[in-house]
Amino acid sequence: MSDLRFEYKVKDIVTITEALKVIQSAPRDGRPFSVTLACGFTPLHLQTFLTAHLQRALTDRKVTISTGLYGSLAGTLERIAGSAPDGVVIALEWADLDPRLDFRSAGGWGWNVATHIVSTARAVLDRVSAAIALIPSGTRIALSLPTLPLPPAFHTPGWEASANELVLEADLLRFAANIAQDGRVTVGNRLRLSEESPEASRFDLKCDLYTGLPYTTRHADRLASQLALALVPPTPKKGIISDLDDTLWCGIAGEVGSDGVCWDLTSRAHLHGLYQKLLSSLAEHGTLVGIASKNDPATVTRAFDRKDLLLRPDQVFPIEVHWNAKSGSVSRILDTWNIAADSVVFVDDSPMELAEVAAVHPGIECILFPKNDHAAGLAMLRRLRDLCGKERVSTDDTLRLKSIRERAAFHEQSAGAATPEGFLARAEAEVTFDFASATEPRVLELVNKTNQFNLNGRRYTESDWRSLLARQGAIVVSVSYEDKFGPLGTIAVIGGVMQGDLFAVETWVMSCRAFARRIEHQTLKVLFEGTGASAVDFDFTPTAKNSPLQEFFAALLGEKPLAAFQLRRVQFDQNCPPLYHAVREMRRAEAHG
Amino acid sequence: MDETKKRLAACFRVVFPDLPEAEIPSASQETVAAWDSVAAITLLNVVEEEFGVELDLDELAELNSFPKVSNYLQERLQVG
């Protein structure tokens, strides 16, 4: 029940002892995950905590962190250009921008040097920007802006910001805004860090002067945690299932009627309005929103007809409204979305309903809607954004709900069709194979978030992906699909290496939205024909979630494979059902010179 | 080995995972290659966490062997 309680505390503080134990628990023969930590101070506990937080996120890897020279952050970054780490972490502090801002420096603080400090800082920021631009593409970069107070180097009393301090801050923010445009760089949120690590308890002057580490232990841990999240972000949740009464709106619709429920300031129900606004914003960015409510369907339909609803009805699908158990509603919504419970958040104002759903769907994240508690309400809104927020939004994200509605229509019609063959033959389906899309963000994103039709469950960092693409004979193809019910967007990726007349497939994923259309068959057909391969080697591993792929292979092989296997072309041709798609190939020549 | 020494030995195992068990009671900055300035500070913090005492960085140079840290802790804990 602990996950049902409405408490959003700062993530557990990791002590140095715990951090060292996490580091020592890394698999000795785990694939290395190498990170360069660029900072101008002695990294000490920051390095320890960063290693531990990354190790906890990457349990099957062995995280190693290399650091640069003391006092030379820009130099450390410049040296990265010749290497290819999996990630780069930059912990910038004021002392990196001008040595006179370093408490350990004997440089003067007179009023006449303030403008020099500003101009030196500007030059250093330019140098750091240039060094970041030279870091090999595909390497993720996490950056924290200065977290420590400026030394009392400027002429104004502490409660007043001097013009030079403000210019320094403005230059820093301009630098950060420019850097954030680089798709590889994630800039840590300073305001969020302030909540987890209050500014007054970050700096340890004695430790700085004695050891060169300016951070308190707690601050080193909190900063490391944020930088680790920026470098290896968690997979966003794919959907939110919400209750209605006293959750999406204030009031019980069955008692006060569809016109009586409210979510506005005047009714002091604006927390519900904010919740609707957040759901609407998340839906625009591709998060699925469904409803599970014990209610009267006609009343709910009338409420959803209200023009002042801040969550548009077309952003919600499906809506399960009846008097039966909510766990059943959740099951049907998950089936419609074709995603697992652990990819979803369930929000309700009733602890009992949350417990009932949690008992049937272990793994689902249950959140209590804290009606009448605005502080907890704000924490809930932020928690939902944290769980579902995305680094970037793709066209495919915005298509997701539309394609799920179309898939539902597809299945409805296919169930009603005289024969499945007749239905597929009349679907007017077109499958597009793009041979030169491997570096597009959507491709790696799809590989890393797909579970059910996934060859082996393997996840790739951007540098792992880059290594795969660089191999001799590498072929990565993305697949998109459209039929008379609408486009599904990019829904599959297959990648591997040609070895003579064998194609060795290392990764193959397909979105669950695209099942039951024989796209997987068409993909293999195009690969066999396009590469001339006589057989395909699949680096297959059964996982807890990839049974749809296991069943597909079983239909081709006569039994479910238990490990890596080879599929001969003749075997495929004998077992491939009729395919009705129009096939379009893109950029094959571009990909293969 | 008394309780304090056992707990201190656990701290040493965390900071110096490659140090053989038998060498822990006599370990010192001179005999343990991994005991550099960074490890010394880390050990100080791990000991602080284990024993709930605050150790001053000024004492870092003095606390350069298992027996010295052990004696120091015995005194601090008795006073406390």
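Chain identifiers are assigned alphabetically (A, B, ...) following the order of the sequence lines, protein sequences preceding nucleic acid strands; residue numbering begins at 1 within each chain. Everything numeric in this text was worked out from a predicted model, so none of it was measured.
- The number of heavy atoms from other shown groups lying within 6.0 Å of NZ (A/Lys21) does not exceed 12.
- The CD1 atom of B/Ile41 sits 8.0 Å away from the CG atom of A/Leu213 when rounded to the nearest 0.5 Å.
- A distance of 13.5 Å separates CD in B/Glu50 from CD1 in A/Ile16, rounded to the nearest 0.5 Å.
- Summarising the geometry, atom OG1 belonging to B/Thr42 is positioned 6.5 Å from atom CG belonging to A/Leu20; distances are rounded to the nearest 0.5 Å.
- Heavy atoms of B/Asp58 lying under 4.5 Å from chain A belong to its backbone as well as its side chain.
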*Take A/Cys207 and B/Leu57, measure what side-chain contact (heavy atoms from CB on, under 4.5 Å) needs, and give me the verdict at the end.*
CA-CA 7 Å; A/Cys207 190; B/Leu57 284 168; 4.1 Å; yes
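- The CD atom of B/Glu48 sits 10.0 Å away from the OG1 atom of A/Thr17 when rounded to the nearest 0.5 Å.
- Summarising the geometry of A/Gln24 relative to B/Arg13, their closest heavy-atom pair is OE1-O, 4.3 Å, with the distance given to 0.1 Å.
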